[in-house]
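Taking it in order: structure first as structure tokens, then the write-up.
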Amino acid sequence: MKNTLTFLGLESSCDDTGAAVVRHTLGEISDVLANVIEGQTDLHANFGGVVPEIAARAHAERIDHCVERALAASNVALADLDGIAVTAGPGLIGGVLSGVMCAKGLSAGSGVPLVGVNHLAGHALSPGLSEPLSFPMLMLLVSGGHCQFLIVRGIDEFHRLGGTIDDAPGEAFDKVARLTGLPQPGGPAVEVAARSGNAKRFALPRPLLDRPGCDMSFSGLKTAVLRARDTVITDENTLHRQDVNDLAAGFQAAVSDVLAEKTRRAIDIYLDENPTKATLAVAGGVAANQAIRSALETVSAEKGVTFTAPAMQYCTDNAAMIAWAGLLRFREGAQDDLTLSARPRWPLDRLQASMLGSGKKGAKA
Ligand code: KG4
Ligand code: ZN
């Protein structure tokens, strides 16, 4: 195996089409040569959420273009690549299929090896784009579709400690934005509004803190925000800017408190494994939230654990994390062929598959 590997990564599992080129030399930090991302927020804006069919068509139209842009920006020819990594799930199946078909075509035409990557593994290994990964690490993966604590023991070894039993926090941020007239994606908009809000004005719940373990729930919190909003509208006949800011601040504080307390518990379980360099890593779109990030940093400091998080541009969906995860898997001997399937569900921890909706087993959450 060569010391230096250059990988193309493709991402198309939700509403961001991405292509990236990552180069890595053994013993060094990887170099992201290009990281192209084309979002679809405008296409879904009128529908109150991502429309799978629209997303799939947009991915199919844009993915070749993203690949061309990434190769041109990194000055790397297709034939010079050591591998092509692609998100093969979990996600919206039409989008995942667009990426997998594109990667297969590129691999078949060029002879460059193909590596299928689990999108969640991409998030979980993303802190390694900026600093060396140290296993086992505790990972809080928190995004629009997922929320779980994992002990990451190696690049393909994940043990799930718990997670949401209903909505993911990112989904709740998006819903709260819709309820309060803020734009999508909701997370960044709620975060900005929260900076000017009073988090104590509304008494919002901290769900499941009374239950032991690391499971979480965000659906009731969303409903509590809806009720608080409706009370304000009844009292004032409208929703003022300050009301929106206060609702945003109260909601963000509640999410932050729940994540912080559950993280304390997850750290206690993780420390029983006696890691040589105890690390809490947080990844996924919600990890871009400064208030949540700093609450988790405080918990890490309390527990004497090193805190790490990917750079902002690698928190939300991106192809650099897919190229990186594929490259790491390839170094360990993984390779796929043209039989690679696109999987809508694909739990990282095969033994402790996460719950989906009201208790069904699934890869989401
Ligand atoms: O990781 P990601 O790009 O996609 C999934 O795999 O789900 O995460 C997107 C989610 C969205 O729900 C978005 O509102 C949320 O991450 N998000 C944030 C912030 N930036 C993105 N949530 C809270 N605060 C933010 N700054
Ligand atoms: Zn994601």
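For the numbers below, each heavy atom of this structure counts, side chains included, while hydrogens, waters and symmetry mates do not. Just so you know, residue 1 is the first one in the sequence shown, and it goes up from there. Since we're looking at a predicted model, the values are computed, not measured. Each ligand, and each atom within it, is numbered from 1 in the order the structure gives.
- Counting atoms of ligand 1 from 1 in the listed order, those under 4.0 Å from a heavy atom of His119 are 6 (O).
- Residue-environment remark: CZ (Arg206) exceeds the threshold of 12 foreign heavy atoms within 6.0 Å.
- For atom 24 (N) of ligand 1, the nearest protein heavy atom (residue, atom name, distance) is Asn289 ND2, 3.1 Å.
- The two residues Leu221 and Val255 come nearest to each other via the heavy atoms CD2-CG2, 3.8 Å.
- When all heavy atoms are compared, the tightest approach of Ser98 to Ile63 is O-CG2, 4.3 Å.
- The closest approach between any non-hydrogen atom of Gly145 and ligand 1 is below 4.0 Å.
- For Gln184, the closest heavy-atom approach to ligand 1 does not fall below 4.0 Å.
- The tally of protein N/O/S atoms under 2.8 Å from the Zn ion (ligand 2) stands at 3.
- Residue Gly144 has at least one nitrogen or oxygen atom sitting less than 3.5 Å from a nitrogen or oxygen atom of ligand 1, judged on distance alone.
- Under the ring pair (Phe, Tyr, Trp, His ring centres under 6.0 Å) criterion, His119 pairs with His123, not counting sequence neighbours.
- The closest protein non-hydrogen atom to atom 25 (C) of ligand 1 is Gly187 C, 3.6 Å.
- Atom NE2 of His159 sits about 10.5 Å away from atom CG of Leu138, to the nearest 0.5 Å.
- Here the heavy atom of the protein found nearest to atom 11 (C) of ligand 1 is Asp174 OD2, 3.6 Å.
- Of all the listed residues (Asn318, Ile37, Asp317), Asp317 holds the heavy atom that lies closest to atom 4 (O) of ligand 1.
- Pairing each heavy atom of Val299 with each of Arg264, the nearest pair is CG1-CG, 3.7 Å.
- In this structure, Arg153 pairs ionically with Glu273, as a charged nitrogen and a carboxylate oxygen lie closer than 4.0 Å.
- Qualifying ring pair (Phe, Tyr, Trp, His ring centres under 6.0 Å) partners for Phe330, counting only residues two or more places apart in sequence or in other chains: Phe7.
- The shortest separation from a heavy atom of His123 to ligand 1 is under 4.0 Å, placing the residue in contact.
- Two residues are said to be in side-chain contact when any heavy atoms from C-beta on lie closer than 4.5 Å; Phe202 and Thr231 fail this criterion.
- Judged by distance alone, with hydrogens and angles left aside, the side-chain atoms of Thr164 form a donor-acceptor pair with the main-chain N or O of Asp166 at under 3.5 Å.
- Close approach of ligand 1 to Val286 (heavy-atom distance below 4.0 Å) involves ligand atoms 16 (O), 18 (C), 22 (N).
- Looking at Gly285 next to ligand 1, an N or O pair under 3.5 Å apart turns up.
- Taken to the nearest 0.5 Å, the CG atom of Asn318 stands 5.0 Å off from the CG atom of Asn35.
- Nearest protein heavy-atom contact of atom 26 (N) of ligand 1 is Glu191 OE1, 2.8 Å.
- Counting side-chain heavy-atom gaps under 4.5 Å among Ile, Leu, Val, Met, Phe, Trp and Tyr, Met312 is found in no cluster with other residues.
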